[in-house]
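Indexing begins at 1, ligand by ligand and atom by atom, following the structure's order.
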Amino acid sequence: MDCIFCKIADGSIPSKKVYEDDKMLAFYDIEPAAPVHVVMIPKTHIASADELNEENSAIVAHIYSKVPEIASKLGLKGGYRVVNNCGADGGQTVFHIHFHLLGGKTLGKMC
Ligand code: 5GP
Ligand code: ZN
């Protein structure tokens, strides 16, 4: 499968890693939208939030369970935003589910 984030997960495309375990990876976004912008992905391919179900969604809880640790490592003491874009209308451009962790300044309102 030609998926950029699967290639980042298996190391065939390099990334600047912030956190990694057997199930997920967090790395700096190549085109940051905030002073701190990290992308958190599962290592298994799920195309988008619209593909989630009872069988595959435990990874979402796992990723969220690591958010405080990753945010702390990034020094995001004042808060941050976690964003998932889903589908074309949601602004998704890479079809491997991911969660943006944004911070490093007071962020504006959504949309
Ligand atoms: P989306 O628009 O799908 O919600 O987010 C995809 C994100 O992946 C974008 O913010 C984009 O900058 C980032 N991105 C795309 N390709 C690469 C890459 O090869 N390396 C890294 N580090 N980020 C990428
Ligand atoms: Zn993938």
Side-chain angles (χ1 to χ4, degrees):
M1 200 190 326
D2 199 26
C3 171
I4 293 172
F5 285 179
C6 281
K7 289 177 182 166
I8 287 177
D10 73 16
S12 56
I13 292 178
S15 66
K16 197 174 164 200
K17 293 176 190 176
V18 175
Y19 174 84
E20 182 171 20
D21 63 30
D22 57 328
K23 295 190 271 296
M24 68 170 281
L25 178 64
F27 55 93
Y28 284 98
D29 197 290
I30 204 166
E31 236 179 282
V36 177
H37 186 173
V38 161
V39 179
M40 303 177 289
I41 64 167
K43 288 191 170 177
T44 53
H45 184 87
I46 299 169
S48 77
D50 204 46
E51 301 284 311
L52 290 169
N53 55 48
E54 286 291 339
E55 279 69 48
N56 67 11
S57 58
I59 187 61
V60 178
H62 178 72
I63 290 172
Y64 268 82
S65 78
K66 298 299 174 187
V67 165
E69 180 182 335
I70 296 167
S72 166
K73 197 170 172 182
L74 295 167
L76 299 176
K77 291 187 176 69
Y80 47 83
R81 182 173 292 159
V82 180
V83 174
N84 169 252
N85 296 328
C86 178
D89 282 358
Q92 186 176 8
T93 58
V94 176
F95 284 80
H96 177 127
I97 194 171
H98 53 279
F99 300 89
H100 299 264
L101 177 58
L102 300 151
K105 69 171 187 180
T106 303
L107 299 169
K109 285 190 178 178
M110 295 283 288
C111 301

The protein heavy atom nearest to atom 17 (C) of ligand 1 is I30 CG2, 3.8 Å
With a sphere of 6.0 Å drawn around CG of D50, does it hold more than 12 non-hydrogen atoms of other residues, nucleotides or ligands? no
Would you say CG of D89 has more than 12 non-hydrogen atoms from neighbouring residues, nucleotides or ligands within 6.0 angstrom? no
Tell me: protein heavy atom nearest atom 5 (O) of ligand 1, and distance? H98 NE2, 2.9 Å
Can you tell me which residue and heavy atom of the protein come closest to atom 22 (N) of ligand 1, and the distance to 0.1 Å? Y28 O, 2.9 Å
Which residue holds the protein heavy atom closest to atom 8 (O) of ligand 1, what is that atom called, and what is the gap in Å? F5 CZ, 3.3 Å
Shortest non-hydrogen separation from I97 to P42 and the atoms involved: O-CD, 3.2 Å
Protein N, O or S atoms lying under 2.8 Å from the Zn ion (ligand 2), listed by chain and number: C3 SG, C6 SG, H45 ND1, H96 ND1
Under 3.5 Å donor-acceptor, Q92 side chain and A47 backbone: yes
Locate the shortest heavy-atom distance separating L102 from A33; write the atom from each residue and the value. CD2-CB, 4.3 Å
Which atom names give the shortest non-hydrogen contact between I70 and A26, and what distance separates them? CD1-CB, 4.0 Å
Side chain, backbone, both or neither: which part of F27 comes within less than 4.0 Å of ligand 1 when only heavy atoms are counted? side chain
Could you tell me whether the side chain of Y80 reaches within less than 4.5 Å of the side chain of V67, counting heavy atoms only? yes
Do V39 and V94 have side-chain heavy atoms sitting under 4.5 Å apart? no
In terms of residue, atom name and distance, what is the protein heavy atom nearest to atom 2 (O) of ligand 1? T93 OG1, 2.8 Å
Quick one: which ligand 1 atoms are inside 4.0 Å of a heavy atom on H100? 1 (P), 4 (O), 5 (O), 7 (C), 10 (O)
Point-to-point distance, once rounded to the nearest 0.5 Å, from CG of L101 to CG of D29: 11.0 Å
Quick look: K16 vs ligand 1, heavy-atom contacts under 4.0 Å, and the answer is neither
Using the side-chain hydrogen bond (donor to acceptor under 3.5 Å, both in side chains) rule, collect all pairs that involve residues 4-22, keeping only residues at least two apart or in two chains. D2-K7, D10-S12, K17-E20, Y19-D21, E20-K43, D21-H62
Minimum-distance protein heavy atom relative to atom 18 (C) of ligand 1: I8 CD1, 3.9 Å
Could you check whether any side-chain N or O of R81 sits under 3.5 Å from a backbone N or O of H100, counting only pairs where one atom can act as donor and the other as acceptor? no
If we number the atoms of ligand 1 from 1 as shown, the ones under 4.0 Å from a heavy atom of Q92 are 3 (O)
Y64 and F99 aromatic ring geometry - parallel, tilted or perpendicular at 30°/60° bounds: perpendicular
Is it true that S15 lies under 4.0 Å from ligand 1, counting heavy atoms only? no
Please state which protein non-hydrogen atom is closest to atom 12 (O) of ligand 1 and give its distance, to 0.1 Å? D29 OD1, 2.5 Å
Counting from 1, what ligand 1 atoms have a heavy atom of E31 closer than 4.0 Å? 12 (O)
Quick check, are the ring centers of H98 and H96 under 6.0 angstrom apart? no
Protein heavy atom at shortest distance from atom 19 (O) of ligand 1: I4 CG2, 3.8 Å
Can you check which of N84, L102, V94 brings a heavy atom nearest to atom 15 (C) of ligand 1? V94
